[in-house]
*Asks:* 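Let me give you the structure first, and then I'll get to my questions.
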Amino acid sequence: MLDINVVRKNPELVKENIRKKFQDHKLALVDEVIALDTQYRQAKTKADDLRAQRNSLSKKIGVLMGQEKKDEANATKALVNAMAKELSDLESTEEPLLDQIKQRMMQIPNLIDPTVPIGKDDSENVERYRVGEAVIKSFDVPYHIDIMEKLAGVDLDAARKVAGNGFYYLMGDVARLHSAILSFARDFMIDKGFTYVIPPFMIRSEVVTGVMSFSEMENMMYKIEGEDLYLIGTSEHSMIGKFIDTIIEEDQLPYTYTSYSPCFRKEVGAHGIEERGVYRIHQFEKQEMIVVCKPEDSQKWFEFMYKTTVDFFRSLDIPVRVLECCSGDLADLKSKSVDVEAWSPRQQKYFEVGSCSNLTDAQARRLQIRVTGKEGKYFAHTLNNTVVAPPRMLIAFLENNLNEDGSINIPLPLRLYMGGKEVLTPKK
RNA sequence: GGAGGAAUACCCAAGUGGUUGAAGGGGGCGGUUUCGAAAACCGCUAGGAGUUGCAAGGCUCGCGCGGGUUCAAAUCCUGCUUCCUCCGCCA
């Protein structure tokens, strides 16, 4: 959400930003906001004036009552009543105008960072760099579920029976690997100085509507029946929710958190063939990172955050590339975003395993996350990034560390978490 | 889950319809005194949002949150949240 002052003072800048995102249908919103805002301020000024009159007359009534001058008091009451209708009419326009302004402001996208490449959609995202050799194996790499089944590590049939499509039983070494990766990710981030957090896995509707749009809510969130609670789709929801309507002392910044949570998503909508297995599921687990910082530091943190994910994947011998989202593929709240993609030796292409975003002050303004410092009050910058989200990440892990005999190499950092095992051997 | 009680500013706390847009105390800040400090004394201290104005400033909103009653709400009604005490249940 933009500062309405930017829209007032620099509508052309806002429109140019909309054009860069190929959302020309939203151009009209800018002028609508300006018109509604003018109307609102007129109504407010007038209503404030009437309220001031009413307040002073009411005070007078109080004094008159105290002096037992009933008649004068009643005469004054009549004066207030005379303007009551005008005031209530004005008041009934104030709120709807404010709602209409807000509803439009929410649709106007955040100003994109000047470094963001201009493009219509994800086909125009720009590869920034690759790290690690994207190996093409000398043998056929099986589908990830087949690799897991060889290790006796997954049971999707039972999961479908018990919970339905989009769930899984991970078992044995694969389940342990899943936990090992999360534990390693947690310690990896703690070593980087982040604070480990386990947040609530359910949040109130108030928080849900704060942190996401209505359509996101419809398409993602599971509601608990009979309760005002939703299962989180990512720990970012509860982690950013933590800061709603707060004023932070400047010297407390930055907050650098790494949070663990299971994530629940409805995943409404059709998905392609490569999204089967444990690629796109209703339940997964994720180690996340969240930073709340001063505006001048957010770009620095952005770089640090996605590079940390790259380092994490590299420490597990998985080749990755960093793909920068172009203007058209950038969600409205984001100023800049990159996807970290892992190499799939089976598909011989990279696929998304994490996403790093700088929301600048847009999320903070929407949620009223403010900082008070020497220079006065201002909105914080917020960023979020995936450290790792298994079981999707397991796909990349298993494919990259797979040997021809079906065994899986365990990279050094994970061995501590895997009881010292250097390799997983097929069970069948 | 049930029954009671509570929520007021940085902290404690008074306040049950009208010069309370919030007493009093503590703390903080400034001053007097002092070589310096302590003590004492004097003064200031509501954080925030919006709006208006060139500015100084004005106005509106604001007593956990949301509605309502009233000319007027911290105060009355109502829904919710959180905390405390007790009971029940439970990893």
*Asks:* Pairing check on B:A91: which nucleotide meets the Watson-Crick or G-U wobble criteria with it, both distances under 3.5 Å?
*Replies:*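 Paired with B:A91, as far as the under-3.5 Å criterion goes, is no nucleotide at all.
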
*Asks:* Can you tell me the distance, in whole Å, between the CZ atom of A:Arg204 and the P atom of B:U81?
*Replies:*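 Atom-to-atom, A:Arg204 to B:U81, this comes out as 6 Å.
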
*Asks:* Which one is paired to B:A7, where only Watson-Crick or G-U wobble pairs with both distances under 3.5 angstrom count?
*Replies:*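 B:A7 is paired, partner B:U81.
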
*Asks:* In the structure shown, which nucleotide is the Watson-Crick or G-U wobble counterpart of B:G17, with both distances under 3.5 Å?
*Replies:*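 Looking at the geometry, B:G17 pairs with no nucleotide.
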
*Asks:* Tell me yes or no: between the side chains of A:Thr258 and A:Gln287, is some donor less than 3.5 Å from an acceptor?
*Replies:*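 Side-chain D/A pair, A:Thr258 to A:Gln287: present.
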
*Asks:* With P as the reference atom in both, quote the distance from B:U85 to B:G79 in angstrom, rounded to an integer.
*Replies:*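 Taking atom P in both B:U85 and B:G79, they lie 25 Å apart.
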
*Asks:* Strictly by Watson-Crick or wobble contacts shorter than 3.5 Å, is anything paired with B:C35, and which nucleotide is it?
*Replies:*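 Matched B:C35 with nothing under the 3.5 Å cut-off.
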
*Asks:* In the strands shown, is B:C76 matched to any nucleotide by a Watson-Crick or G-U wobble pair with both distances under 3.5 Å, and which?
*Replies:*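 Its partner is B:G68.
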
*Asks:* C1' atom, B:C89 versus B:G15: distance in rounded Å?
*Replies:*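 Looking at atom C1' only, B:C89 and B:G15 are 41 Å apart.
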
*Asks:* Is the backbone of A:Ile318 close enough, under 3.5 Å, to the side chain of A:Arg314 for a donor and an acceptor to pair up by distance?
*Replies:*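 Yes, the answer is positive, given that a donor and an acceptor are paired below the 3.5 Å cut-off.
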
*Asks:* Could you list, one pair per line, each protein nitrogen or oxygen that sits under 3.5 Å from a nitrogen or oxygen of nucleotides 14-19 of chain B, together with the distance?
*Replies:*
residue : atom : partner : partner atom : Å
B:G18   : N2   : A:Ser58 : O            : 2.8

*Asks:* Flag the pair A:Glu324 and A:Lys336 as a salt bridge only when some basic side-chain nitrogen lies within less than 4.0 angstrom of an acidic carboxylate oxygen.
*Replies:*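 Counted as a salt bridge, because a side-chain N and a carboxylate O are separated by less than 4.0 Å.
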
*Asks:* Are any of the side-chain heavy atoms of A:Val208 and A:Met221 separated by less than 4.5 Å?
*Replies:*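 Sidechains of A:Met221 and A:Val208: in contact.
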
*Asks:* Mind checking the P distance from B:A7 to B:A55? Whole angstroms is fine.
*Replies:*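 After rounding to an integer number of Å, I get 42 Å for this pair.
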
*Asks:* Among A:Glu149, A:Met171, A:His144, find the residue that satisfies the side-chain contact (heavy atoms from CB on, under 4.5 Å) test when tested with A:Val154.
*Replies:*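 It is A:Glu149, the one option of A:Glu149, A:Met171, A:His144 that forms the side-chain contact (heavy atoms from CB on, under 4.5 Å) with A:Val154.
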
*Asks:* Which is more 5' along RNA chain B, the nucleotide nearest A:Asn81 or the one nearest A:Glu206? Just name the residue.
*Replies:*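 Going by which nucleotide is closer to the 5' end, it is A:Glu206.
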
*Asks:* When you check the side-chain N and O atoms of A:Glu399 and A:Ser344, is any donor under 3.5 Å from an acceptor?
*Replies:*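 Yes, a side-chain donor-acceptor pair sits under 3.5 Å.
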
*Asks:* Taking CG from A:Asp245 and P from B:G47, how many angstroms apart are they, rounded to a whole number?
*Replies:*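 To the nearest whole Å, that distance equals 18 Å.
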
*Asks:* If we take the P atom in both B:C44 and B:U51, what is their distance in whole Å?
*Replies:*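 The same atom, P, in both gives a distance of 32 Å.
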
*Asks:* Using a 4.0 Å heavy-atom cut-off to protein, can you give one letter per nucleotide of nucleotides 49-61 of chain B, 5' to 3': B if the base is in contact, S if only the sugar-phosphate is, - if neither?
*Replies:* SBSS------SBS

*Asks:* Any salt bridge between A:Lys421 and A:Asp173, counting N to O under 4.0 Å?
*Replies:*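 Salt bridge present between A:Lys421 and A:Asp173.
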
*Asks:* Taking the P atom of each, how far is B:A72 from B:U19, in whole Å?
*Replies:*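 Straight-line distance between the two P atoms is 15 Å.
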
*Asks:* For the side chain of A:His282 and the backbone of A:Phe264, is there at least one donor-acceptor N/O pair under 3.5 Å apart?
*Replies:*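 Answer holds: no.
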
*Asks:* Which residues pass the ring pair (Phe, Tyr, Trp, His ring centres under 6.0 Å) test with A:Tyr417, not counting sequence neighbours?
*Replies:*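 None.
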
*Asks:* So which nucleotide does B:C59 pair with, by the Watson-Crick or G-U wobble rule with both distances under 3.5 Å?
*Replies:*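 Result: B:G50.
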
*Asks:* What interatomic distance, in whole Å, is found between C1' of B:A46 and the corresponding atom of B:C61?
*Replies:*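 Those two atoms are separated by 14 Å.
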
*Asks:* Does a side chain donor of either A:Asn385 or A:Ser357 reach within less than 3.5 Å of an acceptor in the other side chain?
*Replies:*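 Checked: A:Asn385/A:Ser357 side chains show no N/O donor-acceptor pair below 3.5 Å.
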
*Asks:* Taking atom P in both B:A37 and B:G28, what distance in whole Å separates the two?
*Replies:*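 Between the two P atoms, the distance is 15 Å.
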
*Asks:* Could you tell me how far B:U20 sits from B:U82 if I compare only their C1' atoms? Round to whole Å.
*Replies:*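 That atom pair is separated by 27 Å.
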
